[in-house]
Amino acid sequence: MKKQPKLTEADVTPESVFYQRRKVLQALGLTTASLALSTRAQADLLSWFKGNDRPKAPPGNPLEFSKPEIWQANLPLTPEEKVSGYNNFYEFGLDKADPAANAGGLKTTGWKVKIDGEVAKPMTLDIDDLLKRFPLEQRIYRMRCVEAWSMVVPWIGFELGKLLKLAEPNSHARYVAFQTLYDPEQMPGQKDRFIGGGLQYPYVEGLRLDEAMHPLALLTVGVYGKTLPPQNGAPLRLITPWKYGFKGIKSIVQINLTREQPPTTWNLSAPDEYGFYANVNPHVDHPRWSQATERFIGAGGILDVQRQPTLLFNGYADQVASLYRGLDLRENF
Ligand SMILES: Nc1nc2c(c(=O)[nH]1)N[C@H]1C(S)=C(S)[C@@H](COP(=O)(O)O)O[C@H]1N2
Ligand SMILES: [Mo]
């Protein structure tokens, strides 16, 4: 986002063009990120990007889940290969195809999530415990990236609030802080700023406690009927559909209840561009592009780019607007 001032994303690059460009660059042994670098940095980067030996992700495991009527939005879905082929996961590279190409080997077996801070019952849960403890639901949600593209995705998960209640937030708890895995050996973007975009790692995100307790906030373990592929944030990631996609932190290892508003990765990187709240809002533009419309990534190819109006709170205003009564959404962007 910030490190790509030429706006590969703010609406100029339909994903089909992007895929073609990717193929050409791959044929040349280059990627977009490498074009602007010194020869030495390019050599480093190429040696990494050329690792054709990187394993493919194993196929996801089928999940058991219900489909509650109220969450089966009647919207055209973004096809699975786009949901899992056009990603932001900077730990695995900046290009939209990098996460699918480079995250396949992410080790998710034995994954543990620690819940601590201002809770009566701090705990560490194994991913398999989590899957057993909470019945899973499919929820079809709109997804809106701050870069002005959007998708509609059939996620599978359970309400974040259910997990938080299990840990029993105490009377001091006002915010929830999340952390992605920190493992530079597995996540090359964490040790090389050319691969990882110069963000501070581990990636961190946060919500106010009342936002986190909202029934729309989904701890997500699957998509399209199966466990998440690594590029979508396996084995556990957050989805808050009324907020910009960067709030949806991937591959979570820690959930910490706090008294103070926690730091968040994109806000640390560019505080004037990415706020703590990051509620989708067509009336509050990004300093470098308009948020009034978005490019929907659907089944179509290059010739039917679908531009559509951005909806306040991404279409979830009826459910979430009351959380922000009295808050100036322009100031608290
Ligand atoms: N750890 C981590 N989480 C992340 C990101 C990231 O780079 N690292 N990118 C965010 C952004 S900008 C978006 S739009 C969504 C993309 O999720 P998706 O690839 O499943 O569509 O993940 C978010 N979560
Ligand atoms: Mo994003």
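When a ligand or atom number is given, it counts from 1 through the structure's own listing order. Because the structure is predicted, anything quoted here is derived from the model rather than measured. Sequential numbering from 1 along the given sequence is applied to the chain's residues.
Taking NZ from K250 and CG from L181, the interatomic distance works out to 14.0 Å, rounded to the nearest 0.5 Å.
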Yes or no on ring-ring contact (aromatic ring centres under 6.0 Å, His included) for Y86 and W149, after CA distance, side-chain angles and deciding distance?
-> CA-CA 11 Å; Y86 186 85; W149 52 264; 5.4 Å; yes

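On a distance-only criterion, C145 and ligand 1 share no N/O pair closer than 3.5 Å. Geometrically, ligand 1 and R237 share a nitrogen or oxygen pair separated by less than 3.5 Å. Annotation: W149 places no N or O atom under 3.5 Å from an N or O atom of ligand 1; distance criterion only. For the pair Y90 and ligand 1, the shortest N or O to N or O distance falls below 3.5 Å.
In summary, the aromatic rings of Y316 and F313 are positioned with their centroids too far apart to meet the 6.0 Å limit. Not less than 6.0 angstrom separates the ring centroid of W266 from the ring centroid of F276.
Only the side chain of T180 comes within 4.0 Å of ligand 1, counting heavy atoms alone; its backbone N, CA, C and O stay farther away. In K247, neither the side chain nor the backbone holds a heavy atom less than 4.0 Å from any atom of ligand 1. Counting heavy atoms under 4.0 Å from ligand 1, residue M143 touches it through the side chain alone. With a 4.0 Å cut-off on non-hydrogen atoms, F246 touches ligand 1 through its backbone as well as its side chain.
Between R144 and T310, the closest side-chain pair of non-hydrogen atoms falls below 4.5 Å.
Not a single heavy atom of E205 sits under 4.0 Å from any atom of ligand 1. Distances from ligand 1 to the non-hydrogen atoms of G233 include no value under 4.0 Å.
The shortest heavy-atom contact between H214 and Q319 is NE2-O, 3.0 Å.
Note: F246 and Y244 have parallel aromatic rings, judged against thresholds of 30 and 60 degrees for the angle between ring planes.
Ion pairing between R295 and E147 fails under the 4.0 Å rule for side-chain N and carboxylate O.
Close contacts of ligand 1 with E91, meaning ligand atoms under 4.0 Å from a residue heavy atom, involve 1 (N), 2 (C), 6 (C), 7 (O), 8 (N).
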